[in-house]
Amino acid sequence: MIRFARSLIGRFLLSLSALLLVSLFALVIWERTFVIPSLLTAESRLAEKELDRIVLAMEDNHDGLAAITRDWANWDDSYAFIQGQQANYTSSHFSAEMFEDINVQLMVFIDIQASIRWVAGLDPATGEYRTCSSLSDNCEWAGRFIRGFDAFDFQQGYRLIDTGTGDTPSLISAEPILRTDRTGPSMGLIAMVRLIDERLVETLERQTGLVIDINTVATEAQRLNEPVTSRQETILTAQKRIEPQRGTEALLITTDLPREQTNHYRSAFRYTMAWTVLLLLGVLLVVLSLLWVQVIRPLKQLTGFTRKTRRDTFWEQPAQFQAVPRALKTRRDEIGSLARNFQRLLAAQKTRTSNLVKLSHQDPLTGLANRRLYDEKLAQALSQSQLVSVLMLDIDHFKLYNDHFGHQMGDDCLVSLANQMKECFEQPGFVVARTGGEEFSILLPGQSVENAEQDAERLRKLIKQLRIPHPNSPVAPVVTVSVGVASTANVRGLGPEMLMRRADEALYQAKAEGRDRIKRYAATVIQSSD
């Protein structure tokens, strides 16, 4: 035994055993000191990111409610109704199906004297549709929602409301009642309430792909400056609190996240530890050489390629896509299979990224540029040229067209006008965009305001010559447009917002003077002559 210990092979084995023990101890210390804390930190960051996605989805839902409220509040019919006109307003525009479709529990009209003029909604206790001119009789249930409303100092947000079926947090939105063109004075307030109930939670779960629970806590409870997580073996529970803009209750969002990735990394690290021990036991130069030639080197090559792909601008500019090295793809082993699968993954990602880039800059109905692309091109044009002209175009009385023919015919009309605009402005550098429902904007870099007016007049005539019937239009029996023209001529430092605002003011003046015409900002209107 002593002789074996003094032999070269014995000393090699003893040295290897000592190295094995030291390495194993170092790996355990490394795991406890660096690996596990790093994994837990990454897990917490993931939880925070997922909670932020939930909050963003809730904010999107609230923005959607605010948009619906704004549409109703900024409408001539609503403006007339709150003043005692439009006797058939409630019967022709409201129904239980409407409230179900837009997922709104309650709509309240409050006049300028802060008195309730009209209430409509779905009683949460019975699900029945109710309308009243006050909170008496069938609308007593609405008092729980309206309690605390201040028509002249109202903050949008969410609050805890006793719905009669248990306290339920709710999203609340309110807008002043103005005319359709958003002029005043305000005649009162429209407020809408959407319950944060199972239906809304299911919507948030579909949007985020997460299991979500939303409860309320008292605002006096300890505030959560960052997401709180509790860990079990396979589940991480994360919570985030959202403070209310008013009221005494805060929202507590809870979601459960699987810990598969963390457990996988932990198992992979421990597997690596065991593998390292086995490698130290069977270390041979030949084995190490073969391992280097057959496994490590190609994997390093593939890892280097993936790192370069991630570091480069491939995800923002998919046209710069580079293929996986041919030496890896032609291998007949698992590494070759991995390389080929990675190649297919990159190709698929290239296609998806290209499609997403295209969708993010294109209006899906007309195929024109959308507002995002238009704003980018406008800012770019202003930075490159001192002379930029813009047109802002609106279809005259398009709501009457939609009311008469229906939204499908309305969409067809938009597409026809969009095609005409594309034909009219095919010059390189020009951008035609749909920037609203029936609103279009046209960017004309390098064009003088006089040429822009001529182009606008030519487009107006071409659209009118399409002779799309519009029997309810007070302007003409066919579809017509009004155009506002603005330019940076003789003005330095004019930003995109100011330039478009000038075009909008010119468009407003064209409408005010009778429509079916164009108007230059701060200039004489060019009357139609056909």
Check [X] against [Y] and note the closest heavy-atom contact, atom names and distance.
X: Ala120; Y: Leu106; answer: O-CD1, 3.3 Å
X: Trp141; Y: Gly121; answer: CH2-C, 3.7 Å
X: Ala476; Y: Thr480; answer: CB-CG2, 3.8 Å
X: Ala238; Y: Ala47; answer: CB-CB, 3.8 Å
X: Val485; Y: Ala456; answer: CG2-CB, 4.2 Å
X: Leu368; Y: Ala418; answer: CD1-CB, 3.6 Å

[X] side chain to [Y] backbone, donor-acceptor under 3.5 Å:
X: His62; Y: Ile172; answer: yes
X: Asp52; Y: Val55; answer: no
X: Gln83; Y: Tyr79; answer: yes
X: Arg117; Y: Ile82; answer: yes
X: Asn215; Y: Leu252; answer: no
X: Arg502; Y: Asp504; answer: no
X: Arg179; Y: Gly184; answer: yes
X: Ser91; Y: Asn88; answer: yes
X: Arg45; Y: Glu43; answer: no
X: Thr255; Y: Val211; answer: yes

Going by heavy atoms in the side chains, are [X] and [Y] under 4.5 Å from each other?
X: Pro445; Y: Phe430; result: yes
X: Gln362; Y: Leu373; result: no
X: Ile214; Y: Met58; result: yes
X: Tyr374; Y: Val390; result: yes
X: Leu400; Y: Pro474; result: yes
X: Leu382; Y: Pro496; result: yes
X: Leu414; Y: Arg434; result: yes
X: Leu393; Y: Met421; result: yes

Check your understanding: Where do Val483 and Leu459 land on the side-chain contact (heavy atoms from CB on, under 4.5 Å) test, with the steps shown first?
Key -> CA-CA 9 Å; Val483 187; Leu459 175 62; 5.6 Å; no
Assess whether atom [atom1] of [X] is packed by more than 12 heavy atoms of other residues, nucleotides or ligands within 6.0 Å.
X: Phe94; atom1: CZ; result: yes
X: Lys422; atom1: NZ; result: yes
X: Gln384; atom1: CD; result: yes
X: Gln85; atom1: CD; result: yes
X: Met498; atom1: CE; result: no

How long is the straight-line distance from CG of Leu391 back to OG of Ser487, given to the nearest 0.5 Å?
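Ser487 OG to Leu391 CG: 10.0 Å, rounded to 0.5 Å.
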Taken to the nearest 0.5 Å, the spacing of Ser441 OG from Asp394 CG works out to 10.0 Å
Output side-chain donor-acceptor pairs under 3.5 Å for residues 185-199, partner residues at least two apart or in another chain, one line each.
unit_1 : atom_1 : unit_2 : atom_2 : d
Ser186 : OG     : Gly188 : N      : 3.3
Ser186 : OG     : Gly188 : O      : 3.0
Arg194 : NE     : Asn103 : O      : 2.8
Arg194 : NH1    : Asn61  : O      : 3.2
Arg194 : NH1    : Asn61  : OD1    : 2.8
Arg194 : NH2    : Ile102 : O      : 2.8
Asp197 : OD1    : Arg199 : N      : 3.3
Asp197 : OD1    : Leu200 : N      : 3.1
Arg199 : NH1    : Glu100 : O      : 3.1
Arg199 : NH1    : Glu100 : OE1    : 3.2
Arg199 : NH2    : Glu100 : O      : 2.6

Are side-chain N/O atoms of [X] and [Y] paired as donor and acceptor at under 3.5 Å?
X: Ser482; Y: Asp396; value: yes
X: Ser78; Y: Tyr89; value: yes
X: Ser44; Y: Arg231; value: yes

Run the salt-bridge test on [X] and [Y] with the 4.0 Å N-O cut-off and return the result as yes or no.
X: Glu439; Y: Arg371; answer: yes
X: Arg372; Y: Glu376; answer: yes
X: Arg53; Y: Glu50; answer: yes

Applied to residues 383-406, the ring pair (Phe, Tyr, Trp, His ring centres under 6.0 Å) test, sequence neighbours excluded, yields Phe398-Tyr401, Tyr401-Phe405, Tyr401-His470
Task: Test side-chain contact (heavy atoms from CB on, under 4.5 Å) applied to Gln207 and Asp60, step by step - done: CA-CA 10 Å; Gln207 293 174 345; Asp60 288 344; 5.6 Å; no
- Task: Check the pair Glu175, Trp72 against side-chain contact (heavy atoms from CB on, under 4.5 Å), reporting the backbone distance first and the verdict last.
- Result: CA-CA 9 Å; Glu175 293 286 339; Trp72 283 94; over 6 Å; no
- [ ] Please lay out, stage by stage, how Ile395 and Val479 fare under the test side-chain contact (heavy atoms from CB on, under 4.5 Å).
- [x] CA-CA 7 Å; Ile395 304 174; Val479 170; 3.9 Å; yes
**OP:** Look at the rings of Trp75 and His93 and say which category their plane angle falls in: under 30° parallel, 30 to 60° tilted, over 60° perpendicular.
**Re:** perpendicular
